[in-house]
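So the structure is just underneath, and the comments pick up after that.
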Amino acid sequence: MIGFALRRLAWVLPNIVILTFLLFATTSGWLGSPAAMMLGTDASPAAIAELNARFGFDDPIVVQYLRWAGGALTGEFGRSYSTQQPVAAMIAPAFPVTIELAFWAILLAVVTSVGLNSLVVARRLIGAVSTGFSIIGVTIPNFMLGATLITIFSVWLGWLPTTGWVPWEDGAGLHLKHLIQPVVTLFAFYFGSFSMVYRAEYRAVERQLFVRVAAAKGLSDSAVSFRHVLPSAVLPVITYVGLTLGQLVGGAVVTETVFSIPGLGRLFVTAIGSYDYPVMLAVGSIILVGVMVTNLLADLALAAMNPQIRL
């Protein structure tokens with residue numbers, strides 16, 4: 001297992017370097033001269049040239065990347081062009097918000113999709129309903145579902161707050177009220193996609209010989225489902241969780257914008273609107289590294305459950 005982990009880590013680290021360099025080069029090339037952006041449209045060419053020389057904006061792109069990467073490894077991402085705040089100070093409160101949204105959405109999606117499709121009673125009673133919700137979750141856009149939830153539960157019924165975010169320290173009840181609709185909006189897509197993947201694999205495993213033998217021995221339907229079918233059928237879901245994290249980023253951006261949640265997604269959108277290069281680069285790099293690391297963890301979990309993958 002250790003050898004497999006080291007091989008996967010040796011693959012991940014170079015990819016992180018390559019992808020962050022491409023992000024750095026693309027972002028800096030797209031936005032143009034950082035000095036001109038910092039000084040404004042009225043700045044003279046001499047002032048722009050002086051600032052370029054002072055901060056090394058005229059250095060080769062590789063040199064600039066190495067300088068930025070060295071600071072990023074210590075948590076130093078520079079200062080925001082629009083607010084002049086340290087970028088790390090802007091990211092610090094937004095990061096746990098996005099992590100919490102993603103955690104609850106993925107956890108609930110995995111538990112409900114696997115549970116509803118593994119419980120024999122649930123498959124018989126609400127199988128068609130679960131399939132219908134899966135299709136709806138996959139097809140309906142995040143912004144539309146979020147707006148619909150706000151209209152029904154906030155405007156018409158008045159049960160939940162419309163937008164905003166309340167931290168845990170201001171009250172667990174208020175925090176959960178603000179959390180429900182954004183989590184459901186993110187959860188819907190993942191419930192649909194995870195259910196479809198798990199259901200297809202479940203039916204394939206169910207037809208295999210070892211499952212039929214277990215049923216022939218007199219085990220109950222629930223025992224066959226949870227002891228024999230689920231451990232094999234859940235493996236593609238673990239892989240799919242890692243592969244869909246990129247989509248989670250897009251969903252978080254839309255969801256946080258719809259519900260005015262101060263997470264990384266909303267911070268990223270704000271930075272794009274103001275051409276705030278340091279913030280864009282920092283958030284983009286954190287998201288990129290997060291996706292790569294989570295894929296690595298998914299691979300390690302899969303290898304732990306299926307020893308054949310380690311070979």
Side-chain angles (χ1 to χ4, degrees), residues 96-140 142 145-146 149 153 160 168 172-173 175-206 211 220-252 255 259 261 263 290-291 293-306:
V97 174
T98 299
I99 291 297
E100 184 177 5
L101 283 177
F103 171 79
W104 287 117
I106 291 180
L107 177 65
L108 292 175
V110 171
V111 171
T112 54
S113 60
V114 172
L116 290 178
N117 288 285
S118 298
L119 288 169
V120 178
V121 176
R123 293 207 315 271
R124 291 172 180 171
L125 294 180
I126 60 172
V129 176
S130 176
T131 302
F133 277 117
S134 299
I135 296 172
I136 293 173
V138 171
T139 55
I140 188 170
N142 280 38
L145 178 58
L149 292 176
F153 294 102
L160 297 171
W168 282 104
H175 179 80
L176 293 175
K177 281 186 175 182
H178 285 80
L179 187 66
I180 290 174
Q181 292 188 108
V183 167
V184 170
T185 301
L186 273 180
F187 156 85
F189 170 79
Y190 286 96
F191 170 74
S193 56
F194 292 169
S195 290
M196 291 180 178
V197 171
Y198 181 74
R199 190 183 300 118
E201 187 66 18
Y202 186 97
R203 290 172 179 171
V205 174
E206 199 175 26
V211 176
S220 66
D221 291 342
S222 297
V224 171
S225 178
F226 283 93
R227 292 184 193 175
H228 298 280
V229 181
L230 188 152
S232 297
V234 78
L235 297 180
V237 177
I238 296 175
T239 303
Y240 193 65
V241 169
L243 293 175
T244 55
L245 286 177
Q247 294 173 312
L248 175 66
V249 173
T255 302
F259 290 96
I261 295 174
V291 170
V293 170
T294 311
N295 272 278
L296 172 63
L297 296 177
D299 287 345
L300 295 179
L302 197 61
M305 298 181 67
N306 187 358

If the condition is ring pair (Phe, Tyr, Trp, His ring centres under 6.0 Å), which residues does F194 pass it with, not counting sequence neighbours?
Y190, Y240
Could you pull out all residues at least two apart from E201 that satisfy side-chain hydrogen bond (donor to acceptor under 3.5 Å, both in side chains)?
none
Residue pairs passing the side-chain hydrogen bond (donor to acceptor under 3.5 Å, both in side chains) test with at least one member in residues 103-114, sequence neighbours excluded, are none
Measure the shortest side-chain to side-chain distance between E100 and L179 over non-hydrogen atoms and say whether it is less than 4.5 angstrom.
yes
Could I get the full list of side chain to side chain contact (heavy atoms under 4.5 Å, CB included) partners for I99, not counting sequence neighbours?
F95
Please round to the nearest 0.5 Å and tell me the distance separating atom OG1 of T98 and atom CZ of F103.
15.0 Å
Going by the rule side chain to side chain contact (heavy atoms under 4.5 Å, CB included), which residues pair with V111 if we only count those two or more places apart in sequence or in a different chain?
L107
Of the non-hydrogen atoms in V183 and L108, which two are nearest, and what is the gap between them?
CG1-CD1, 4.0 Å
Could you list the residues that satisfy side chain to side chain contact (heavy atoms under 4.5 Å, CB included) with V184, not counting sequence neighbours?
L149, I180
Do you know which two heavy atoms are closest between I261 and P182, and how far apart they sit?
CD1-CG, 3.3 Å
Rounded distance (nearest 0.5 Å) linking atom CG of N142 with atom OG1 of T185
7.0 Å
Holding to side-chain hydrogen bond (donor to acceptor under 3.5 Å, both in side chains), I want the full list of residues that pass it with S195, two or more places apart in sequence or in another chain.
none
So, do Y202 and N117 sit near enough that their side-chain heavy atoms are less than 4.5 Å apart?
no
Show the nearest heavy-atom pair for residues L160 and Q181, with the distance to one decimal.
CD1-CG, 3.5 Å
Partners of F187 by ring pair (Phe, Tyr, Trp, His ring centres under 6.0 Å), sequence neighbours excluded?
F191
